[in-house]
Structure formats: structure tokens, C-alpha cells
Amino acid sequence: MKELLERLMNRPEVRNAYECFPCNPQKKKRRMRNLGEDGQESDGSEGSSTDYNVEGTDRLGNVDWCQCARCAPMKSQIECTCCTEIRQIKELIPEDASCITEHPIFITECTIHSTIDRAFRMINIDLKKKPKKTEYMRGLRKTAFRSFMVWIYGYLGDHHCKPIPTCVVSKVREAFPAPRGYYNGYLGPHDYLAEAMALD
């Protein structure tokens, strides 16, 4: 396999090519909502309030940035996002609640074991038996996160990941805990070289 890959890589059309995709799209940096001196959102950010940036602030190890009082400290900056910071989610928070995790749809579609188990079995239709507990619980968490994303954003398509608010992650982990307490965290969309794809 290595020889074949080496021969393919040494072909003149491959060696002389500058890039496979000369117009590779670049991921835009996410912007923080523009807040005026009075703490209110300014006019210039209405169209992009779904984009948020946590890179400029130190959110690791604390929840001072949380506005719903349900977030927990996370491992990376991008995971440290409150549900109130994302326009599509904030619009769905019930008037008598402070967090999206209090919404009845969230509770029924993302935290009830029977609902998530049924969705997990539909997604993994070729499974012949229930996976081991660790894999099963991880599968339930992934299914709950997918259910949440479909509810909020509809169809996103492949590799259009968005970080899930910390409060949602915490509630899903509480509903479907990892047996050993280890969680992967936000992985984001992955991209790798075309020659690596040939070996997949």
C-alpha cells in the first residue's frame, strides 16, 4: 500500500501541482457580539449574532461569563459558550426560564433515555446488539447532541459543526454519564490530506 501511495505521489502531474484545491475556503474567525457601553448589543452585529468569539476572553476554569447560571467549566475556550450568547438559541429560551435546558422540547428530545435510545437505534440500524456500556453511553450523548442541533439549526450538512452551549453539554452528560467520567469534548470538523483519505 505504501509503494502504491509513493508511486501515486511521484507522478509528474502530482509533483508539479501546486495545490489540489487552489481556492480552499478559509474558516472565518468568529466575532463576539458588539456590546455598547451600556451593555446592549450595537446595531452592527444583528446579522451575525450567531457568530461568537471566546478566543479573546479567558473562560477556562471559571463560569463568570455564564448568563444562564447552568454552565460548567470546560476544557477549551470554544466549549465555553452560554446558550444566551447564540441568537438562535436565545430566541427559544422560554420567558419564565433562564436557560435553554429548561425548554420542554429540550427535556423530551435530548434528555429522556427512551427517546434518545430509539434515535440511537435508528441512526445505527446495522448494530446487531447493544454496545458495551462506555460506547453505548457515548452514542447516546452524541445522539442527544445531534437532536439538539437539529432542533436549533435544522439540517447543517456534513462538516458544518457548531459548538454546543456548555449548559446543554452539562445537562446531556448528566442524563447520559460516561461510566469512567471521561469526555472527549468538542472535536470540530476534521480535514485531512487526500492521500490519507485513500487509506481510510
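Being a predicted model, the structure only gives us computed values, none of them experimental.
- Counting all heavy atoms, side chain and backbone alike, P177 lies closest to E174 at CD-O, 3.7 Å.
- Note on E6 versus K2: no salt bridge recorded, every NZ/NE/NH1/NH2 to OD/OE distance being 4.0 Å or above.
- Going from atom CE of M74 over to atom OG1 of T81 covers 9.5 Å, rounded to the nearest 0.5 Å.
- Residues C80 and L60 come closest through the heavy atom pair SG-CD2, 4.2 Å.
- By the criterion of side-chain heavy atoms lying less than 4.5 angstrom apart, applied directly or through intervening Ile, Leu, Val, Met, Phe, Trp or Tyr residues, V169 is not grouped with I112; the two fall into different hydrophobic clusters.
- The hydrophobic clustering, which links ILVMFWY residues whose side-chain heavy atoms are closer than 4.5 Å, places W65 and I93 apart.
- Annotation: side chain of V168 is not in contact with side chain of K171 (no heavy-atom distance under 4.5 Å).
- Linking ILVMFWY side-chain heavy atoms closer than 4.5 Å, directly or via other members, places W151 and Y153 in a single hydrophobic cluster.
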Name the atoms and distances for all side-chain donor-acceptor pairs under 3.5 Å in residues 104-111, with sequence neighbours left out.
{"unit_1": "T108", "atom_1": "OG1", "unit_2": "P104", "atom_2": "O", "d": "3.1"}
{"unit_1": "T108", "atom_1": "OG1", "unit_2": "I105", "atom_2": "O", "d": "3.3"}
{"unit_1": "T111", "atom_1": "OG1", "unit_2": "I107", "atom_2": "O", "d": "2.6"}

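- The shortest distance between side-chain heavy atoms of I86 and P165 falls below 4.5 Å.
- In this structure, SG on C71 lies 12.0 Å from CD on E79, to the nearest 0.5 angstrom.
- With values rounded to the nearest 0.5 angstrom, S170 atom OG is found 11.5 Å from I164 atom CD1.
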Applying side-chain contact (heavy atoms from CB on, under 4.5 Å), run through Y136 and L127 and close with a yes or a no. CA-CA 11 Å; Y136 177 64; L127 286 178; over 6 Å; no
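- In this structure, T101 and C83 have side chains that are not in contact, with every pair of non-hydrogen atoms separated by 4.5 Å or more.
- Heavy atoms only, all atoms of each residue included: I116 and A144 are closest at CD1-CA, 3.7 Å.
- Remark: side-chain polar atoms of T134 are not paired, donor with acceptor, to backbone N or O of A178 under 3.5 angstrom.
- Looking only at side-chain heavy atoms (C-beta outward), R141 and R138 come within less than 4.5 Å of each other.
- Taking 4.5 Å as the limit, every side-chain heavy atom of K142 sits out of range of all side-chain heavy atoms of I123.
- Taking both residues in full, the closest heavy atoms of V63 and P73 are given as CG1-N, 3.6 Å, listed atom of the first, atom of the second, then distance.
- For the atom pair CD (E91) and CD1 (I152), the distance works out to 10.0 Å, reported to the nearest 0.5 Å.
- Side-chain contact between R7 and E3: absent, with no pair of heavy atoms (C-beta onward) separated by less than 4.5 Å.
- Residues S98 and T84 come closest through the heavy atom pair O-CG2, 4.1 Å.
- Counting non-hydrogen atoms of other residues, nucleotides and ligands closer than 6.0 Å to CD of E135 gives a total above 12.
- Counting heavy atoms from C-beta on, the side chains of F148 and V172 never come closer than 4.5 Å.
- Between the CG atom in D117 and the CE atom in M122 there is a gap of 10.0 Å [rounded to 0.5 Å].
- Between C68 atom SG and E85 atom CD the span is 9.5 Å, to the nearest 0.5 Å.
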Given side-chain contact (heavy atoms from CB on, under 4.5 Å), test D96 with E102 step by step and report yes or no. CA-CA 9 Å; D96 59 338; E102 298 173 60; over 6 Å; no
